[in-house]
Amino acid sequence: MENPISDINKVFESRVRLGIMSVLMVNDWAEFILLKEVLEVTDGNLASHLKSLEENNLIEVKKQFVGRKPRTTYRATEGGKVLFKKHLQALERLMINA
Amino acid sequence: MNSGQSQNNDLREIKSMMEKSTRFLSLSGLSSISAGIIALLGAVAGFLIMDDGSGEFIDRVNLESPFNYDIRFWYLLADALLVLLLASAFGFYFSWRKAKRLNLAFWNHTARRTIYFFAVPMIVGGMFTIILLVRNDVTLVASSMLVFYGLSLFCASKYTFGEIRYMGLSEILLGILAGIFTSCSLIFWALGFGILHVIYGIILYKKYA
């Protein structure tokens, strides 16, 4: 039998990263402020998790100016979506086996 | 905690975050209930305004005769605008309160998106109804208000609670009936804007509050 936890991805192991990916699975481009509101975390904490997801090419970042205000939006990459889906399926399998 | 439980918590959390980020969850059942009560009071006021001295019930729920801009027309218009104003104010208040309790920003992107999809059919419907009023063709005013309001709810329902879709369809149905049975359109108006709001408000309140 295939190892049920082989698809469990270390990179999604924090609640914040799990949350970021959940939001980006259902919203095309999401603003920093939306992520912050849904996840209820501090700016610094959120930014560091976003950074590491970006470094792993799981999400992409777009920085724009709206008037004079900077606006940062995020989107899950195709690869990120695939990995996250696999991660979810692995979680579900683990639940059934538990 | 065993690992099955923690997986389960993860999955539940994922689902809740997906919902929170796509749906306008601050909409309160109390908003709908208060709007319904205000509309019913407005309908009673309309019924009193329509008193032409004949004492006939059926004449007073029939909004079809042209008023030729007599005083009753202006009273009814003021009545309708007052209902719209008060219902919106109470509606916003109760939803704002619920947002505070849920620890959500009230004017977030889900609220903006819901309002946007609600507003487009609503504004078109408002303009169309004003055209009917300006042409002094009041026969289909109640019908058009109900139909366009129903369409607005139907469009917005994708971004908030699913029940709103059935509420929208019910409003559209009542609007069509009001268009067929124009001689008692005030009754359909009271059913659609009054009773239906109260019923769906109670459903939403029980399920989500």
Side-chain angles (χ1 to χ4, degrees), chain A residues 3-5 7-43 46 49-50 53 59 66 71-76 80-81 83-98, chain B residues 1-28 31 92 94-120 155-165 208-209:
Chain A
N3 180 3
I5 60 167
D7 284 328
I8 291 279
N9 210 313
K10 274 259 182 272
V11 82
F12 299 127
E13 246 173 20
S14 92
R15 191 193 89 83
V16 180
R17 287 183 214 165
L18 213 56
I20 293 168
M21 290 308 290
S22 312
V23 173
L24 297 183
M25 289 300 279
V26 287
N27 289 279
D28 198 11
W29 285 100
E31 278 182 60
F32 187 86
I33 186 137
L34 166 74
L35 291 165
K36 194 183 154 193
E37 186 191 313
V38 174
L39 274 60
E40 295 169 16
V41 284
T42 60
D43 285 13
L46 180 58
H49 285 292
L50 284 166
L53 288 173
I59 63 172
V66 178
R71 185 166 76 174
T72 316
T73 48
Y74 299 87
R75 173 163 82 171
K81 283 185 180 176
L83 277 186
F84 187 68
K85 267 185 203 155
K86 280 192 173 163
H87 180 76
L88 287 188
Q89 283 160 1
L91 285 182
E92 276 167 6
R93 271 202 303 273
L94 270 183
M95 265 185 58
I96 295 163
N97 293 350
Chain B
M1 184 162 41
N2 69 35
S3 77
Q5 243 171 358
S6 110
Q7 284 8 314
N8 197 1
N9 284 343
D10 277 358
L11 288 172
R12 215 176 344 193
E13 189 123 341
I14 288 166
K15 205 181 151 223
S16 125
M17 283 189 274
M18 285 179 171
E19 273 222 311
K20 245 187 181 176
S21 66
T22 47
R23 284 182 187 265
F24 178 51
L25 302 174
S26 313
L27 184 64
S28 165
S31 297
F92 274 108
F94 283 118
S95 292
W96 172 78
R97 223 180 53 165
K98 189 176 171 192
K100 242 174 104 176
R101 210 183 49 233
L102 292 176
N103 224 349
L104 292 169
F106 174 65
W107 193 238
N108 63 12
H109 91 126
T110 63
R112 280 197 295 271
R113 201 160 50 176
T114 307
I115 299 272
Y116 173 74
F117 280 94
F118 178 81
V120 170
C155 290
S157 69
K158 195 165 168 234
Y159 304 102
T160 180
F161 302 113
E163 284 76 7
I164 301 295
R165 172 167 310 172
Y208 302 106

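Computed over heavy atoms, backbone and side chain alike; hydrogens, waters and symmetry mates excluded. Nothing here was measured: the structure is a model prediction, and the numbers come from that model.
Heavy atoms of B:Arg23 lying under 4.5 Å from chain A are absent altogether. Both the backbone and the side chain of A:Glu92 have a heavy atom closer than 4.5 Å to some heavy atom of chain B. Neither the backbone nor the side chain of A:Phe12 comes within contact range of chain B; no heavy atoms are under 4.5 Å apart.
Counting only N and O atoms by type, the side chains of B:Ser95 and B:Ser26 include no donor and acceptor under 3.5 Å apart.
Comment: B:Lys20 engages A:Glu40 in a salt bridge, judged by a side-chain N to carboxylate O separation of less than 4.0 angstrom.
Applying the ring pair (Phe, Tyr, Trp, His ring centres under 6.0 Å) test to B:Tyr208 and every residue at least two apart in sequence or in another chain returns B:Phe161.
For A:Ser22 against B:Met18, the heavy-atom pair with the smallest separation is O-CG, 3.4 Å.
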